[in-house]
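All values below come from the heavy atoms of this structure, side chains included, with hydrogens, waters and symmetry mates left out. Here is the naming used below: chain letters follow the sequence lines, and residue numbers restart at 1 for every chain.
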There are 2 protein chains.
Amino acid sequence: MTDRLPGTRVSNGYSAWRLIAEELRVEIGDGRLSPGDRIPTGKTLAERFKVNRHTARQAIAALAEERLVESRRGSGTFVLGDAVRVHRIGLRTRLSNSLHEQPSASATGRVLHSELENPPADIAERLRINGGKAVRVETSRFTGGQAISVGTHWFDAERVPGIAADIERTGSVTAALAASGIKDYVRTSTSVGARHATALEASLLSLGPGAIVLVTEALDSLPDGTPLQYLVSRFAAQRVRLDIEHPRID
Amino acid sequence: MTDRLPGTRVSNGYSAWRLIAEELRVEIGDGRLSPGDRIPTGKTLAERFKVNRHTARQAIAALAEERLVESRRGSGTFVLGDAVRVHRIGLRTRLSNSLHEQPSASATGRVLHSELENPPADIAERLRINGGKAVRVETSRFTGGQAISVGTHWFDAERVPGIAADIERTGSVTAALAASGIKDYVRTSTSVGARHATALEASLLSLGPGAIVLVTEALDSLPDGTPLQYLVSRFAAQRVRLDIEHPRID
DNA sequence: CAAAGTTGTCTATTTTTCTAGACAACTTGT
DNA sequence: ACAAGTTGTCTAGAAAAATAGACAACTTTG
């Protein structure tokens, strides 16, 4: 009965409980609700968001499933923890030595796939490849069984021929580059964006569909400026923050 | 009829067309689909995502509403543009001088609200406020009529007493600090995360509910290390990427 | 000009989500 | 012990989303 402009959708593609759950997640994430706090009751949330109590309860159930909150019958629903890992981005960023500030944060990596192929134009330009082939390596990284990020690495195939096999063997890009005789490299540019995870990313990072990924695009170069690796990483935004390393002032 | 574990929700809170739209947005964003390209037909998308053609069409309609694609009857649906702005983060990051690489990117700011209040514990600690009050200023920034970010700024009320009025008057944090006799400051730490926009943020940034924001938390300090401003900015992820400035190697 | 393929629009139906109300099970404070 | 407030569970119905099919309007290709 509600007439609307043709082509105008009536909803925004998010169910009511999902929007409520995300709103609560923000309050937990930014400290308005701290671990141990009791969150508003189902009745209160229903009034606040103008939905039925059942709908509000579904939002809570979703957060409970993520172990972000815990409901106790008769007493209320309480914030558990807010475990976000921190990934440092700086001059000598390597995936292997980041993810610190964690008790036992030993990150392990896996090569999912590697391929020799013609690089897309923008990547060829960044790596200064003129007509040659590139190696694309797909990786994923874990800490404590938990998938943290997936990465797409591009290398000039002529510059580092055996890179894919070396990464596969050593489980580390840094070690693989060392095997090719490259002992030092620095990050020359990084840019950060965010978007919804694709279905593939969601499955690799064990996220629900529609979860958010932080996307970093970075270029690593030799100290002399020769581009070495172009890297696109996707982090589960629910679980990581990126910490940017600013230079010291002396 | 489908029996499921108690408490297990049947859906993920995202409608089918929303997930398809986000998947297509990624393909446009990362260059698999470039401006001018024809995207897969409604029929093809329906088959690929195993939904009805009407559902696939709704995903296209959502992207068309954002002017990301344009449908032409009889011929197909085509990618228009992919206008993302770049915000630079570095040692001397200021909102006013960022958003470059744009033809005429003159950012303008507005103070939405300011308040003298007792700061939350974590913010008091970062600003090294011991029991005193803090000034919280809420701002928003525009480029070309388009809202780009909203910010929450915290200052030590004793250190910079008239800051709120100065920001309101000058429309710029840098200018307001200069009015308080502070002529130079540097960024000492920045961290980046991403999450869904709250309803308030969505309305301020003219985003649909459930859109994604890039959240940066930053601390600005005087050259001697005295903390000056704690700043939480939220950028519309659809429209901006953050570009991290790495130090030159000399 | 005709055929094939595309987007746009309409009706009808099924499936899922949200609402509504009631009450049980449990906890907390008086 | 009791009252008030909370979460958990059930039934039923209304509203919205997704499916299904048909066909019109239009473009492109042969």
Side-chain angles (χ1 to χ4, degrees), chain A residues 1-22 24 33 36-65 68-80 208-210, chain B residues 1-22 24 33 36-65 68-80 208-210:
Chain A
M1 203 77 260
T2 53
D3 52 2
R4 52 186 205 274
L5 282 66
T8 300
R9 273 151 295 93
V10 61
S11 112
N12 45 52
Y14 295 83
S15 59
W17 65 262
R18 167 62 64 188
L19 291 173
I20 296 168
E22 296 306 332
L24 289 174
L33 293 170
D37 284 0
R38 197 181 79 167
I39 73 172
T41 68
K43 185 161 171 280
T44 308
L45 288 173
E47 285 162 1
R48 172 170 154 200
F49 291 103
K50 297 186 186 22
V51 295
N52 191 272
R53 187 179 142 235
H54 291 78
T55 309
R57 277 174 53 71
Q58 211 161 16
I60 293 171
L63 296 177
E65 216 163 81
L68 211 60
V69 301
E70 185 185 60
S71 292
R72 292 200 275 276
R73 172 186 285 210
S75 120
T77 299
F78 300 83
V79 177
L80 288 181
Chain B
M1 201 78 264
T2 53
D3 52 3
R4 52 188 206 273
L5 282 63
T8 300
R9 272 151 297 93
V10 60
S11 109
N12 45 52
Y14 296 83
S15 58
W17 64 262
R18 167 62 63 186
L19 291 173
I20 297 168
E22 296 306 331
L24 289 173
L33 293 170
D37 283 1
R38 196 181 79 166
I39 73 172
T41 68
K43 184 161 172 280
T44 308
L45 288 173
E47 286 161 1
R48 170 170 155 201
F49 292 102
K50 298 186 187 17
V51 296
N52 190 274
R53 183 166 79 95
H54 291 76
T55 309
R57 278 174 52 71
Q58 211 162 15
I60 294 171
L63 296 177
E65 215 164 81
L68 211 61
V69 302
E70 185 184 62
S71 292
R72 292 200 274 276
R73 171 185 282 204
S75 122
T77 300
F78 300 83
V79 177
L80 287 182

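- The side chain to side chain donor-acceptor pair (under 3.5 Å) search around B/Arg48 returns B/Glu27, not counting sequence neighbours.
- Here the closest heavy-atom approach between residue A/Val51 and residue A/Ala16 is recorded as CG1-CB, 4.3 Å.
- Across B/Thr41 and B/Thr44, no two heavy atoms sit closer than the pair OG1-OG1, 2.7 Å.
- B/Arg53 has its CZ atom 13 Å from the P atom of D/dG21, to the nearest Å.
- For C/dC18, one of the phosphate oxygens OP1 or OP2 lies less than 4.0 angstrom from a side-chain nitrogen or oxygen of A/Gln58.
- Sorted by residue number, the list of members of residues 36-48 of chain A with any non-hydrogen atom under 4.0 Å from DNA chain C is empty.
- Rounded to whole Å, atom P of C/dG8 lies 10 Å from atom CD of B/Glu70.
- With rounding to whole Å, B/Asn52 atom CG is found 12 Å from C/dT13 atom C1'.
- Residue-to-nucleotide proximity on DNA chain C shows that, of A/Lys50 and A/Arg73, the 5′-proximal contact is made by A/Lys50.
- The shortest heavy-atom contact between B/Ile20 and B/Ala59 is CG2-CB, 3.7 Å.
- Remark: B/Arg18 fails to qualify as a cation-pi partner of A/Tyr14 under the 6.0 Å distance and 45° angle criteria applied to the six-membered ring.
- Using a 4.0 Å cut-off, some side-chain N or O of A/Trp17 falls inside it from OP1 or OP2 of C/dC18.
- Remark: C1' of D/dT28 and CZ of B/Arg72 are 13 Å apart, rounded to the nearest angstrom.
- Going from atom NE2 of A/His54 over to atom P of C/dG21 covers 11 Å, rounded to whole Å.
- Between the CG atom of B/Leu19 and the P atom of D/dA17 there is a distance of 15 Å, rounded to whole Å.
- Distance A/Phe78 CZ to D/dG5 P: 16 Å, rounded to the nearest Å.
- Close to C/dT7, at under 4.0 Å from its OP1 or OP2, lies a side-chain N or O of B/Thr77.
- Two residues are said to be in side-chain contact when any heavy atoms from C-beta on lie closer than 4.5 Å; B/Ile60 and B/Ile39 meet this criterion.
- Look at A/Thr55 and you won't find any side-chain N or O under 4.0 angstrom from OP1 or OP2 of C/dT17.
- Remark on DNA chain D: of its neighbouring residues A/Arg57 and A/Gly74, the 5'-side contact belongs to A/Gly74, judged by nearest-heavy-atom nucleotide.
- Of all heavy-atom pairs between A/Ala56 and A/Gly42, the closest is CB-O, 3.8 Å.
- In this structure, A/Ile20 atom CD1 and C/dT17 atom P are separated by 15 Å, rounded to whole Å.
- A close approach under 4.0 Å does not occur between any side-chain nitrogen or oxygen of B/Ser75 and OP1 or OP2 of C/dT7.
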